[in-house]
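In this text, all values refer to a predicted model and were calculated from it rather than measured experimentally.
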Amino acid sequence: MKMIHPVTEEQCRPHCGKTIVAVMHDGTEITGVLSEVKDGKLYLNSEQSVQTNRAGKKKKSVKKSGRKGQAKLNAASYALYPAFPAGPAIVLDLALIALLFVLI
């Protein structure tokens, strides 16, 4: 486990795609996959942001390798986080987080 301190957008951004534990000021622990960091908020378990990031890659691979590249990308997209059960999408305000850990 690696602690992220201070909890800012710049410190959190490199950890997108990794499983994190956020400890809120009231002691609540929230675990999820960090999908995106923007506008002072952390987005966890967000399929939309993962699909948005893949969309740009898909267009490039389709142009280079045709249908086969697209099929491979779609198959790989389902195995992004095989060890972590996907939970509901969560949005956390950075100001409400007391501690943030990346599970390594």
Side-chain angles (χ1 to χ4, degrees):
M1 218 184 312
K2 177 184 177 187
M3 187 166 122
I4 298 176
H5 184 76
V7 182
T8 63
E9 287 186 38
E10 293 78 26
Q11 293 288 343
C12 295
R13 215 171 259 122
H15 302 289
C16 287
K18 297 179 184 174
T19 303
I20 61 144
V21 176
V23 180
M24 311 306 280
H25 287 293
D26 66 359
T28 306
E29 293 181 2
I30 299 173
T31 304
V33 176
L34 181 60
S35 301
E36 191 173 9
V37 182
K38 69 176 182 180
D39 301 326
K41 298 181 187 324
L42 296 182
Y43 294 82
L44 306 179
N45 306 326
S46 173
E47 278 296 318
Q48 181 179 5
S49 65
V50 174
Q51 289 175 355
T52 302
N53 291 339
R54 276 191 236 130
K57 293 179 183 177
K58 187 189 318 184
K59 289 179 183 177
K60 290 179 185 175
S61 66
V62 170
K63 288 180 183 176
K64 291 180 183 176
S65 59
R67 296 295 245 172
K68 291 181 181 179
Q70 184 178 10
K72 287 180 185 176
L73 182 63
N74 288 338
S77 67
Y78 293 106
L80 279 178
Y81 311 112
F84 185 77
I90 300 169
V91 180
L92 301 175
D93 194 334
L94 286 174
L96 300 177
I97 299 172
L99 300 168
L100 188 67
F101 300 95
V102 177
L103 301 180
I104 298 176

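The closest side-chain heavy-atom distance from Lys41 to Leu94 is not below 4.5 Å. Between Ile30 and Ile20 there is no side-chain heavy-atom pair separated by less than 4.5 Å. Using a 4.5 Å heavy-atom cutoff, the side chains of Leu92 and Ile97 are in contact. Using a 4.5 Å cut-off on side-chain heavy atoms (C-beta onward), Leu42 and Leu34 make contact. Residues Val33 and Leu44 have side chains not in contact (no heavy-atom distance under 4.5 Å, counting atoms from C-beta outward). Side-chain contact between Val23 and Phe101 is present, with heavy atoms from C-beta onward closer than 4.5 Å.
Across all non-hydrogen atoms, the minimal contact from Cys12 to Val37 is CB-CG2, 3.9 Å. Nearest heavy-atom pair, Gln11 versus His15, reported as atom, atom and distance to 0.1 Å: O-CD2, 3.2 Å. Residues Ser46 and Ser35 share a closest heavy-atom pair of N-OG, 2.8 Å.
Under the 4.5 Å side-chain heavy-atom criterion for grouping Ile, Leu, Val, Met, Phe, Trp and Tyr, Ile104 is connected to Ile4 within one hydrophobic cluster.
Considering only residues two or more places apart in sequence or on other chains, Asp39 meets the side-chain hydrogen bond (donor to acceptor under 3.5 Å, both in side chains) condition with none of them. Among residues two or more places apart in sequence or in another chain, the side chain to side chain contact (heavy atoms under 4.5 Å, CB included) test is passed with Leu103 by Met1, Thr19, Val21. A search for side-chain hydrogen bond (donor to acceptor under 3.5 Å, both in side chains) contacts involving Glu9 returns Arg13, not counting sequence neighbours.
Judged by distance alone, with hydrogens and angles left aside, the side-chain atoms of Asn45 form a donor-acceptor pair with the main-chain N or O of Pro88 at under 3.5 Å.
Heavy atoms of other residues, nucleotides or ligands lying less than 6.0 angstrom from NE2 of His25 number more than 12.
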